[in-house]
Amino acid sequence: MSAATPTTLDADPVATVPLSAALRAGTRQEHSEAERSSFVERLVAGELDVAAYTDLAAQQHAVYTALEAAGARLRAADADGGLVFDELERVPAIEADLAALLGEGWRAQVRVLPATAAYATRLQAVGDDLVLYAAHAYTRYLGDLSGGQVLQRMIARHYGLTTGLSFYDFPQIHRLKPFKDVYRERLDALPLTPAQQAGVVAEAQLAFRLNRAMFTDLGAVHVR
């Protein structure tokens with residue numbers, strides 16, 4: 001599916017499998033491979049250091065800046081399909097984390113790795129297409145609301161951090177599971193044809209591969 005031509009949602013015919021279920025099944029392998037990356041495994045096991053976590057936060061800043069700019073464009077065009085929530089916005093939290101970890105001059109201290117730049121470029125390219133945006137938003141935000149909560153606890157425990165972890169906090173969401181259920185309902189309500197749904201799944205698979213490539217770059221720097 002080309003990112004150059006925005007997708008027009010078409011209600012006839014409509015895919016019969018819920019999109020959230022198709023995404024979960026269709027990305028299972030890519031999701032597992034990303035979680036098994038050496039960088040993630042070593043970070044969660046407490047075998048790296050605060051610098052490695054800080055570098056991850058810097059890469060997340062680049063990714064979420066691109067993702068949330070895409071969501072803002074869709075919302076401004078009244079074309080976000082109800083998938084853009086203020087409660088999910090992550091960029092301010094990441095910036096607060098980087099300031100806590102590196103000081104107020106953090107912008108001069110971080111760099112964007114090549115795989116992260118490629119990830120952000122892809123997000124910029126698909127940001128006017130709701131179908132493709134949905135794939136990336138699904139992989140990022142539902143992951144943050146699920147496995148990200150475990151990651152926060154492990155990083156705090158292993159690296160003794162009491163600040164710099166607000167990326168994983170969603171203060172406006174009081175109960176995570178009901179919110180995730182609503183998000184999946186919004187995904188399932190998108191009037192997609194079978195071909196469009198397949199496009200969402202394929203883009204989500206790409207999102208996981210881009211994320212894994214980012215972890216590989218981080219591993220090259222921090223895993224010895």
- Message: In this structure, would Leu192 and Val17 fall into the same cluster of hydrophobic residues linked by side-chain contacts under 4.5 Å?
- Response: no
- Query: What's the shortest heavy-atom distance between Tyr138 and Ser20, and which atoms?
  - Reply: OH-O, 4.4 Å
- Message: Test side chain to side chain contact (heavy atoms under 4.5 Å, CB included) on Phe170 and Asp144; report intermediate values, then the result.
- Response: CA-CA 9 Å; Phe170 293 85; Asp144 299 335; 3.7 Å; yes
- Task: Return the minimal non-hydrogen interatomic distance between Leu98 and His61, and the atom names on each side.
- Result: CD1-CB, 4.2 Å
- Query: So, the side chain of Gln149 versus the backbone of Tyr168: is there a donor-acceptor pair under 3.5 Å, distance only?
  - Reply: yes
- Message: With rounding to the nearest 0.5 angstrom, report the CD1 to CG distance, Ile173 to Leu145.
- Response: 5.0 Å
- Is any NZ, NE, NH1 or NH2 atom of the basic residue among Glu95 and Arg107 found under 4.0 Å from an Asp or Glu carboxylate oxygen of the other? yes
- Below 6.0 angstrom between ring centroids: does that apply to Tyr141 and Phe85? no
- Item | Atom pair OG1 (Thr27) and CD (Gln29), whose distance is rounded to the nearest 0.5 Å | 10.5 Å
- Looking only at heavy atoms, what is the nearest atom pair of Pro178 and Arg175, with distance? CD-O, 3.4 Å
- Item | Pair Leu88-Arg140, side chain to side chain contact (heavy atoms under 4.5 Å, CB included): steps then yes or no | CA-CA 10 Å; Leu88 292 175; Arg140 297 306 323 181; over 6 Å; no
- Query: What about Phe208 and Val131, same hydrophobic cluster or not, with Ile/Leu/Val/Met/Phe/Trp/Tyr joined at side-chain heavy-atom distances under 4.5 Å?
  - Reply: no
- Nearest-0.5 Å distance, CZ of residue Arg24 to CZ of residue Arg184: 6.5 Å
- Message: With heavy-atom distances below 4.5 Å as the criterion, would you say the side chains of Leu101 and Trp106 are in contact?
- Response: no
- Is NZ or CZ of Arg212 both nearer than 6.0 Å to the six-membered ring centre of Phe39 and within 45° of the ring axis? no
- Item | Ser37 (side chain) donor-acceptor with Thr216 (main chain) under 3.5 angstrom | no
- What's the shortest heavy-atom distance between Leu123 and Ala66, and which atoms? CB-CB, 3.8 Å
- Item | Gln60 side-chain N/O to Ile94 backbone N/O, donor-acceptor pair under 3.5 Å | no
- Task: Compute whether any side-chain donor of one residue and acceptor of the other, for Asp169 and Gln152, lie under 3.5 angstrom apart.
- Result: yes
- So which heavy atom on Ser146 is nearest to which on Lys180, and how close? OG-NZ, 3.1 Å
- Give every residue pair that meets the side-chain hydrogen bond (donor to acceptor under 3.5 Å, both in side chains) criterion with at least one member in residues 45-57, sequence neighbours excluded. Arg42-Glu47, Asp55-Gln59, Asp55-Arg111, Asp55-His222
- Look up atom CD in Gln197 and atom CG in Leu187, then write down how far apart they are to the nearest 0.5 Å. 10.5 Å
- Short side-chain to backbone donor-acceptor contact, Ser32 and Arg28, under 3.5 Å: no
- Item | Heavy-atom check, side chain of Leu74 versus side chain of Leu83, under 4.5 Å | no
- In Å and rounded to the nearest 0.5 Å, what is the CZ to CG distance from Arg224 to Leu48? 10.0 Å
- Quick one: are Glu89 and Asp86 in side-chain contact, heavy atoms under 4.5 Å? no
- Applying ring-ring contact (aromatic ring centres under 6.0 Å, His included), run through Phe167 and Tyr64 and close with a yes or a no. CA-CA 11 Å; Phe167 169 76; Tyr64 280 87; 5.4 Å; yes
- Shared hydrophobic cluster, Leu56 / Val112 (ILVMFWY, side-chain heavy atoms < 4.5 Å): no
- Task: Could you tell me which non-hydrogen atom of Glu104 sits nearest to which non-hydrogen atom of Ala99, and how far apart they are?
- Result: OE2-CB, 3.8 Å
- Less than 4.0 Å between a side-chain N and a carboxylate O, is that true for Asp97 and Arg90? no
- Message: Once rounded to the nearest 0.5 Å, what's the spacing between atom CG of Leu67 and atom OG1 of Thr139?
- Response: 8.0 Å
- Any chance you could lay out the side-chain hydrogen bond (donor to acceptor under 3.5 Å, both in side chains) test for Asp217 and Tyr119, step after step, and finish with the verdict? CA-CA 12 Å; Asp217 272 10; Tyr119 194 170; over 6 Å; no
- Item | Where at least one partner belongs to residues 185-202, residue pairs that pass salt bridge (Lys or Arg N to Asp or Glu O under 4.0 Å), sequence neighbours excluded | none
